[in-house]
Amino acid sequence: MEHLTMIDRLAELERFGKELEPDQEEREKLTCAAFQYADAFIDSLAEAPGYSEGELNDLRSLKIKETPGSMEQLLGILHDEVDNAGINSASGRHMGYIPGGGLFTSAIADFLAASSNRYAGISYSSPGAVEIENQVIRWLTSLVGYGPASHGTLTSGGSIANLIAMKAARDFHSINAANIKKSVIYMAASAHHSLLKAIDMTGLKETILRTIPLDANFRMDVTALFMQLQDDCEAGLEPFLIIATAGTTDTGAIDPLNQIAALSKQFNTWFHVDAAYGGFFMLTEEVKHKFKGIQKAHSIVMDPHKTLFMPYGSGAVLVRNRHALLDSFSQHAAYLGDAYGFDDIDPSDCGPELSRHFRGLRIWLPLQLHGVAPFRANLSEKITLARFFRKEAQKIGFETGPEPDLSVVIFRLPGDRDNSENQIFLKELHKNGKVFFSSTMINGTLWIRCAVVSFRTHLREIMEALQMIRNIGDSVFRARENAGYENKGCHLIAV
Ligand SMILES: Cc1ncc(COP(=O)(O)O)c(C=O)c1O
């Protein structure tokens with residue numbers, strides 16, 4: 001009797017639980033609705049603004065309930081209150097921060113990866129999924145010029161990739177309680193703040209952190225770095241780590257990698273290059289030479305979700321000597337004994353994650369389907385568009401930063417010593433929202449940033465951007481004059 005009750009109970013639970021396994025007809029309905037939604041969204045990008053404020057009404061009042069919801073209603077909310085609120089990161093008019101990508105073929109790969117849910121942490125579990133990840137890693141290591149002793153791992157982004165590199169550096173140089181207070185890290189103020197977080201999370205905050213000044217092109221000043229290294233050695237300190245950036249977030253500048261590599265060798269430090277934004281520009285003939293020396297770095301970070309146009313959640317860290325990575329992260333567990341002893345390097349030995357998304361597929365599938373050539377063409381186009389934007393902005397009358405190393409241009413209304421007009425200008429740009437720009441403060445000067453990174457940014461979007469900055473810039477000057485303020489002697493002219 002008790003047995004029968006149990007069987008009845010199981011049948012009832014199975015019936016309820018099967019809601020999670022839609023049948024073929026239901027699957028077709030759901031995928032049709034989702035794919036139609038994605039299609040319409042992508043088609044809308046041709047005219048959609050880069051930024052819109054949006055309101056979260058239905059979304060905020062929608063509760064997670066015990067009972068099923070409606071796909072139609074949920075897609076409606078997604079459309080109105082998610083995909084049309086805030087920065088449109090899939091848009092070619094997103095030119096702020098470092099825009100993300102969003103290749104359709106990568107979305108298909110994510111759908112497939114989530115459907116099969118291959119476990120890509122250990123080769124025994126899914127040799128094919130791990131081979132796909134490792135193929136992507138080998139393609140990346142060959143791109144930067146690393147040899148066969150190198151390896152790396154795919155991460156959720158540049159911040160986690162930087163964190164993994166910091167830990168590998170710390171462990172390789174045996175930084176511990178006995179030597180940490182004498183150990184010195186060198187980086188420029190232009191380095192990404194994720195490195196400061198990584199230094200904190202790896203317990204390296206107690207080291208001495210030297211901020212190396214920048215030259216007139218916003219690149220690390222190598223003479224200053226050399227002098228600091230020398231002074232520190234004379235003072236009995238121990239240089240441990242030099243961090244350079246190949247494509248800074250603020251201005252896209254590439255630090256002089258080859259010279260820094262030589263100093264790293266001379267002073268026996270770990271050399272890390274954060275190429276999260278810049279790294280993939282190595283694919284182009286135009287700027288490949290600017291990365292000379294990157295292959296001498298001990299670790300390199302690159303973000304496929306930046307300049308390889310993949311969706312967010314795609315980063316990578318590469319390490320020249322794979323043992324430095326494996327020794328830092330490899331751990332064994334008794335319950336995984338039967339999964340060890342296979343030939344491939346397990347991704348779970350190369351970073352903190354055990355269970356992990358099968359993220360290799362979202363990079364591998366687009367590279368296989370499209371080939372590398374269109375990625376290269378897109379990156380060359382971004383460099384040329386950025387140079388074009390800078391020239392045209394100068395012609396209109398804007399002050400600009402130096403010729404960009406890559407595809408970030410900084411510009412501002414001229415003659416504005418206290419930044420007040422540029423503050424208003426930025427606010428008005430955001431209020432308009434057609435093209436989205438961000439800003440940065442360099443040595444007390446507010447600059448507007450135009451980051452040409454999206455594979456959907458072409459000449460049309462750049463012309464729209466130029467028209468917009470001219471119109472809004474002009475109205476800021478005119479409003480000031482009408483309010484009776486002193487004219488600072490600047491005007492913008494028609495494009
Ligand atoms: C140079 C650089 N490094 C690291 C990062 C952090 O990358 P993520 O946002 O993928 O964590 C960024 C982000 O913009 C960056 O520009």
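In listed order, ligands and their atoms are each counted from 1. Since this is a predicted model, take the numbers as computed values, not measurements.
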Quick one: does [X] get an N or O within less than 3.5 Å of an N or O on ligand 1?
{"X": "Asn162", "result": "no"}
{"X": "Ser194", "result": "no"}
{"X": "His305", "result": "yes"}
{"X": "Asp274", "result": "yes"}

May I ask you to check whether [X] and [Y] show a side-chain donor-acceptor distance below 3.5 Å?
{"X": "Gln228", "Y": "Asp232", "answer": "yes"}
{"X": "Thr445", "Y": "Arg412", "answer": "no"}
{"X": "Ser91", "Y": "Tyr51", "answer": "no"}
{"X": "His94", "Y": "Ser89", "answer": "no"}

### Task
Specify the protein heavy atom at minimum distance from atom 7 (O) of ligand 1: its residue, its atom name, and the distance to 0.1 Å.
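Protein heavy atom at minimum distance: Lys306 NZ, 3.0 Å.
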Any atoms of ligand 1 less than 4.0 Å from a non-hydrogen atom of [X]? List them with their elements.
{"X": "Ala276", "value": "2 (C), 3 (N), 4 (C)"}
{"X": "Gly157", "value": "10 (O)"}
{"X": "Thr249", "value": "1 (C), 2 (C), 15 (C), 16 (O)"}
{"X": "Asp303", "value": "7 (O), 8 (P), 10 (O)"}

### Location of contacts on Ile160 toward ligand 1, heavy atoms closer than 4.0 Å
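Answer for Ile160: neither.
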### Task
Classify the contact between Ser159 and ligand 1 as side chain, backbone, both or neither, using a heavy-atom distance cut-off of under 4.0 Å.
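Answer for Ser159: both.
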### Query
With a 4.0 Å cut-off on heavy atoms, is Gly315 touching ligand 1?
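So Gly315 does not count as touching ligand 1.
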### Query
Centres of the Phe455 and Phe375 rings: under 6.0 Å?
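Ring centroids of Phe455 and Phe375 are no less than 6.0 Å from each other.
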### Task
Using a 4.5 Å cut-off on heavy atoms from C-beta on, say whether the side chain of Asp110 contacts that of His357.
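Side-chain contact under 4.5 Å: yes.
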### Task
Please say which of Trp447, Phe398, Phe437 ends up in a ring-ring contact (aromatic ring centres under 6.0 Å, His included) with Phe425.
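Among the candidates, only Phe398 passes.
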### Query
Given the rule in the side chain to side chain contact (heavy atoms under 4.5 Å, CB included) test, do Met302 and Leu143 qualify, once you have shown the distances and angles that lead to the verdict?
CA-CA 11 Å; Met302 295 172 82; Leu143 179 62; 3.9 Å; yes
